[in-house]
Amino acid sequence: MTAPALRLTGTARVGGRVLFGPLDLAVPGGEWCCLLGPSGAGKSSLLHLLAGTSGAVTLDGSARAGDGAPLAGRVALMAQTDLLLPWLDLCDNIRIGARLRGTRPSRAQAEALLDRLGLAGMGARKPGALSGGQRQRVALARTLLEDRPVVLLDEPFSALDVATRLAVQDMAAHALRGRTVLHVTHDPAEAARLGDSILLLAGGQIRAVAPPPDAPPRAPDATATLSATGHLTRLLLEAA
Ligand SMILES: Nc1ncnc2c1ncn2[C@@H]1O[C@H](COP(=O)(O)OP(=O)(O)OP(=O)(O)O)[C@@H](O)[C@H]1O
């Protein structure tokens with residue numbers, strides 16, 4: 001699978017006001033890019049513009065793949081809300097996209113993903129019986145099973161405790177290696193740990209911030225990771 005680059009250029013508006021831009025955001029093909037920024041800066045809107053699900057937010061410009069082919073059909077979006085269907089069990093929730101397209105991955109595939117996310121043996125449960133962090137991992141499993149070259153993640157680990165978060169970050173980093181990932185997060189430590197590249201959206205503009213030099217996923221307590229976390233925290237405080 002060849003993962004295309006992503007490019008978003010122009011000005012985004014909502015309700016007649018400028019949300020961000022004019023700007024030029026680029027994510028190289030096959031890289032994991034973390035996007036940070038203050039609440040309301042437009043990070044989720046930017047993901048939805050790339051996914052083609054932006055609704056009230058419009059773009060005077062373009063959101064496209066670097067290879068010129070349409071993005072439609074090549075993108076999986078994990079939104080901030082988990083969108084789990086309460087009447088389906090976890091395996092069927094995870095397989096919902098494939099089912100809507102007329103294919104049907106096996107329950108064993110869904111169970112295997114749950115297992116890797118620390119939810120072994122829970123495939124027959126309904127979402128109503130889960131904690132917030134468990135629901136978030138099911139939504140991640142559904143996104144991974146989509147098996148798309150471009151993956152957009154909106155705060156995918158925000159509900160997880162520290163130990164689970166680190167384990168699930170590692171799992172996702174390995175599962176999505178070689179895909180083009182744009183990952184919105186509020187957590188500077190997460191960006192310092194996971195990003196091949198790191199972008200900051202603030203004041204309507206995009207700014208690139210140098211990631212630590214070694215390859216992700218990085219040790220959370222490595223000096224370079226901690227130093228990048230501190231630098232990003234300072235930039236976020238300045239942008240607030
Ligand atoms: N459908 C919509 N209708 C009206 N306003 C919207 C809509 N979608 C987004 N907005 C507005 O656009 C702005 C940016 O929202 P967005 O969710 O993209 O920000 P964000 O950076 O992801 O914030 P957060 O970090 O809090 O999730 C907000 O002021 C929000 O109210």
Side-chain angles (χ1 to χ4, degrees), residues 1-10 12 14 19-21 23-37 42-85 93-105 109-110 113 117 136-158 168-169 171-185 191 194-199 201 206:
M1 177 185 301
T2 309
L6 288 176
R7 184 101 185 263
L8 184 142
T9 57
V14 60
L19 178 55
F20 58 72
L23 55 71
D24 187 342
L25 172 144
V27 182
E31 286 200 1
W32 184 302
C33 175
C34 288
L35 178 63
L36 294 155
K43 304 177 299 298
S44 299
S45 301
L46 195 151
L47 292 190
H48 282 289
L49 285 166
L50 285 162
T53 54
S54 57
V57 180
T58 60
L59 182 67
D60 174 10
S62 68
R64 61 189 188 278
D67 60 10
L71 268 173
R74 295 194 288 169
V75 181
L77 168 67
M78 178 177 169
Q80 244 178 62
T81 45
D82 60 52
L83 305 172
L84 298 181
L85 300 174
N93 263 289
I94 292 170
R95 299 185 297 167
I96 188 74
R99 187 166 154 179
L100 292 173
R101 287 190 298 277
T103 60
R104 204 169 167 80
Q109 271 178 277
L113 268 174
L117 288 163
Q136 195 170 42
R137 280 177 279 166
V138 177
L140 178 62
R142 185 186 58 209
T143 309
L144 295 177
L145 199 69
E146 286 289 290
D147 196 21
R148 300 295 170 93
V150 177
V151 179
L152 307 174
L153 302 172
D154 201 346
E155 300 182 40
F157 313 117
S158 57
V168 172
Q169 285 174 348
M171 185 273 191
H174 288 107
L176 295 174
R177 183 157 288 157
R179 321 270 167 144
T180 308
V181 177
L182 184 54
H183 166 199
V184 166
T185 177
L194 293 178
D196 289 306
S197 58
I198 300 173
L199 298 175
L201 176 62
I206 284 279

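In this structure a side-chain-to-backbone donor-acceptor pair under 3.5 Å is missing from Asp154 to Val184. Gln136 contributes a side-chain N or O that, together with a main-chain N or O of Pro156, makes up a donor-acceptor pair within less than 3.5 Å. Judged by distance alone, the side chain of Arg74 and the main-chain N or O of Pro149 form no donor-acceptor pair under 3.5 Å. The main-chain N or O of Ala5 is never found under 3.5 Å from a side-chain atom of Thr180 such that the two would form a donor-acceptor pair.
Shown here for Arg142 and Leu83, the closest heavy-atom pair between the two residues is NH1-O, 3.5 Å. When all heavy atoms of Arg137 and Leu117 are compared, the pair lying nearest together is NH1-O, 3.0 Å. Shown here for Ala191 and Ile198, the closest heavy-atom pair between the two residues is O-CD1, 3.6 Å. A pairwise comparison of heavy atoms in Leu152 and Leu47 identifies CD1-O, 3.4 Å as the closest pair. The two atoms that bring Val150 and Pro4 nearest to each other are CG2-CG, 3.7 Å, heavy atoms only. In terms of heavy atoms, Ala139 sits closest to Met78 at CB-CE, 4.1 Å.
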- Could you walk me through whether Leu201 and Leu23 pass the side chain to side chain contact (heavy atoms under 4.5 Å, CB included) check? CA-CA 10 Å; Leu201 176 62; Leu23 55 71; 3.9 Å; yes
- Query: Do Ser45 and Val14 pass the side chain to side chain contact (heavy atoms under 4.5 Å, CB included) test, and can you show the C-alpha distance, the side-chain angles, and the key distance before you say yes or no?
  - Reply: CA-CA 9 Å; Ser45 301; Val14 60; over 6 Å; no
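The structure places CG of Leu182 at 6.5 Å from CG of Leu46, a figure rounded to the nearest 0.5 Å. Of the inter-residue distances, the one linking Leu145 atom CG with Thr143 atom OG1 reads 9.5 Å to the nearest 0.5 angstrom. The distance from the CD1 atom of Ile206 to the CG atom of Asp24 is 9.5 Å, given to the nearest 0.5 Å. Atom CG in Leu176 sits 7.5 Å away from atom CG in Leu140 (nearest 0.5 Å). How far CG of Leu144 is from CG of Leu153: 8.0 Å, rounded to the nearest 0.5 Å. With rounding to the nearest 0.5 Å, the separation of CZ in Phe20 from CG in Leu49 is 5.5 Å.
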Identify all side-chain donor-acceptor contacts of residues 50-59 below 3.5 Å with residues at least two apart in sequence or on another chain.
{"residue": "Thr53", "atom": "OG1", "partner": "His48", "partner atom": "ND1", "Å": "2.6"}
{"residue": "Ser54", "atom": "OG", "partner": "Val57", "partner atom": "O", "Å": "3.0"}

Identify each donor-acceptor pair in which a side-chain atom of residues 26-37 lies under 3.5 Å from a protein atom, sequence neighbours left out, and give them as a table.
{"residue": "Trp32", "atom": "NE1", "partner": "His183", "partner atom": "ND1", "Å": "3.2"}

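Taking the charged nitrogens against the carboxylate oxygens, Arg177 and Asp196 have no contact shorter than 4.0 Å, which rules out a salt bridge.
Applying the side chain to side chain contact (heavy atoms under 4.5 Å, CB included) rule to Arg148 yields the partners Ala76, Arg101, Glu146; only residues at least two apart in sequence or on another chain are considered.
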